[in-house]
Amino acid sequence: MSTVYFVVQQSFFFSIPLLIVALGGMFSERSGIVNIALEGKMLLGAFTGIFFINRVQNGYIPFLYGFDGHMLLLVALVIAALTGVVVALFHAYASITLNASQIISGVAINMFAPAFSIYVARILTETQQINFNNTFRVPYVPLLGNIPVIGPLFFQNTFVTTYLGFMILGISAFVLYKTKFGLRLRACGEHPQAADSVGVNVSKIRYAGVLISGALAGMGGVIFMVPNSVAFSASVSGYGFLALAVVIFGAWRPGRILFAAVFFGILQAFAAGFSGIAFLRDLPIPMQFYQMAPYVVTLVVLGITSNKTTKNAAPRAAGQPYDKGNR
């Protein structure tokens, strides 16, 4: 049973950032803007969030010296989200206002992000690696941690970001399907001409979708780094691209995105923690096999699911610039 607890807890460390970033991609693409810049937004969010944690923990911000624990992490998440919004603003301006290629805009951000992070980190810290002390783990949640089975799975050896991820999932589903904004967002991604004809400002809705995606992707960068590392080195291990695969595999729907994120998170947990799982450790299989397995499975799953059904689930106007003059 301890192996099951270990795998489930490890899978949360990978599936929660995937879930949050994929939900951000969902908002953007549901509005009609293809967003392959999730990797870049995630990376820059991780950079600013982890840099802030580093500065506070090393006493470079005197009035915040000693400010540690979960509040420090939450402030870092806010900073990362704001960073993602700023980056998303460039993508939105190019894609919506200038009607530029959404793919090229996303590629440009993905190329810019690691170079910018390395350059600025070397200027500020004389090294591209930004270290931090992981003081954010929750070893045990009072009362809830004592619940049989559920307690060890969800309320021991965890992070507050796990609960934040499920909260964002619930809010996203509610906003998308139960609010006027969600209805307008979906309309702009399916038939912007029809939305415009009833007074919906397509550009504003699409801007909102892209900015939400930026905020969630930026937060996802920090949420990925904190449980899985003690240093930022200008990489989020391709998780932005994997999140894009989760959006597609999840058919642009919150419930299915959760399933896809958990599926890929479990694969990553096996890849990262196979040495702690006795039956995997004893198999005569090279370590590299486990490390590449999640990405190979991603390609296979996308190949299998990229059929007519999945294509019909995609927002029909995604990737298509909207010209108000041509209805």
Side-chain angles (χ1 to χ4, degrees), residues 17-55 74-124 128 130 161 164 168 172 185 203-226 232-247 318-319 321:
L18 270 181
L19 172 65
I20 293 175
V21 178
L23 288 172
M26 177 197 70
F27 273 105
S28 178
E29 301 210 355
R30 279 284 198 162
S31 74
I33 303 299
V34 171
N35 198 341
I36 67 169
L38 295 175
E39 176 85 0
K41 296 171 186 176
M42 191 178 177
L43 196 152
L44 289 171
F47 168 64
T48 56
I50 297 302
F51 181 74
F52 171 76
I53 292 173
N54 172 276
R55 297 292 94 175
L74 293 176
V75 174
L77 288 175
V78 172
I79 292 173
L82 292 175
T83 302
V85 168
V86 171
V87 178
L89 202 55
F90 288 97
H91 183 52
Y93 181 73
S95 302
I96 301 169
T97 304
L98 300 181
N99 285 339
S101 169
Q102 299 168 19
I103 301 298
I104 293 177
S105 174
V107 169
I109 291 173
N110 288 336
M111 294 177 66
F112 168 80
F116 176 83
S117 299
I118 291 173
Y119 179 72
V120 175
R122 284 180 174 173
I123 290 177
L124 297 176
Q128 71 182 50
I130 303 174
T161 51
L164 179 63
I168 290 173
S172 298
L185 184 85
S203 293
K204 285 185 177 180
I205 294 296
R206 287 188 167 184
Y207 260 94
V210 176
L211 295 185
I212 291 172
S213 81
L216 294 180
M219 289 175 58
V222 173
I223 292 171
F224 169 72
M225 292 299 304
V226 167
F232 171 81
S233 55
S235 172
V236 287
S237 304
Y239 258 58
F241 298 115
L242 194 55
L244 191 60
V246 168
V247 175

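The closest side-chain heavy-atom distance from V210 to F27 is not below 4.5 Å. Taking the side chain as every heavy atom from C-beta outward, M219 and V78 never approach each other to under 4.5 Å. The side-chain heavy atoms of I53 and I50, taken from C-beta on, include a pair separated by under 4.5 Å. Looking only at side-chain heavy atoms (C-beta outward), F241 and N110 come within less than 4.5 Å of each other. Two residues are said to be in side-chain contact when any heavy atoms from C-beta on lie closer than 4.5 Å; I20 and F224 fail this criterion.
No donor-acceptor distance shorter than 3.5 angstrom exists from the side chain of S28 to the backbone of G209, with no hydrogens or angles considered. Checked by atom type and distance alone, the side chain of S237 never pairs as donor or acceptor with a backbone atom of Y239 at under 3.5 Å. The main-chain N or O of S31 is found under 3.5 Å from a side-chain atom of R206 such that the two form a donor-acceptor pair.
Separation of atoms CG (L74) and OG1 (T161) is listed at 9.5 Å; rounding is to 0.5 Å. To the nearest 0.5 Å, atom CD1 of residue I130 and atom CZ of residue R55 are 7.5 Å apart. Within the model, atoms OG1 of T83 and CZ of F52 stand 11.5 Å from one another, a figure rounded to the nearest 0.5 Å. Taking CG from L43 and CZ from F116, the interatomic distance works out to 11.0 Å, rounded to the nearest 0.5 Å. One finds the OG atom of S117 at 4.5 Å from the CZ atom of F232 (value rounded to the nearest 0.5 Å). Interatomic distance, CG of L242 versus CG of L38, reported as 11.0 Å (0.5 Å rounding).
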Report the C-alpha distance between V75 and I79 in whole Å, list the side-chain angles of each, state the deciding distance to 0.1 Å, and finish with yes or no for side chain to side chain contact (heavy atoms under 4.5 Å, CB included).
-> CA-CA 6 Å; V75 174; I79 292 173; 4.2 Å; yes
Start with the C-alpha distance between T97 and Y207, add both sets of side-chain angles, then the distance that settles side chain to side chain contact (heavy atoms under 4.5 Å, CB included), and finish with yes or no.
-> CA-CA 9 Å; T97 304; Y207 260 94; 2.5 Å; yes
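Of all heavy-atom pairs between G220 and V21, the closest is CA-CG2, 3.7 Å. Of all non-hydrogen atoms in G240 and M42, the two that sit nearest each other are N-SD, 3.7 Å. Residues N99 and P321 come closest through the heavy atom pair OD1-CB, 3.6 Å. When all heavy atoms of G45 and T48 are compared, the closest pair comes out as O-OG1, 3.2 Å. Minimum interatomic distance between A243 and A22 (heavy atoms only, all atoms of both residues): O-CB, 3.7 Å. Taking every heavy atom of both residues into account, V34 and A318 meet most closely at CG2-C, 3.9 Å.
The neighbour count for I104 CD1, taken as heavy atoms of other residues, nucleotides or ligands under 6.0 Å away, does not exceed 12.
Of the N and O atoms on the side chains of K41 and N35, at least one donor lies less than 3.5 Å from an acceptor on the other residue. A donor and an acceptor atom, one from each side chain of Y93 and S105, are nowhere located under 3.5 Å apart.
For the pairing with E39, the side-chain contact (heavy atoms from CB on, under 4.5 Å) check across V236, L244, I109 returns one residue only, V236. Put simply, the residue from L18, V246, I168 that forms a side-chain contact (heavy atoms from CB on, under 4.5 Å) with L23 is I168.
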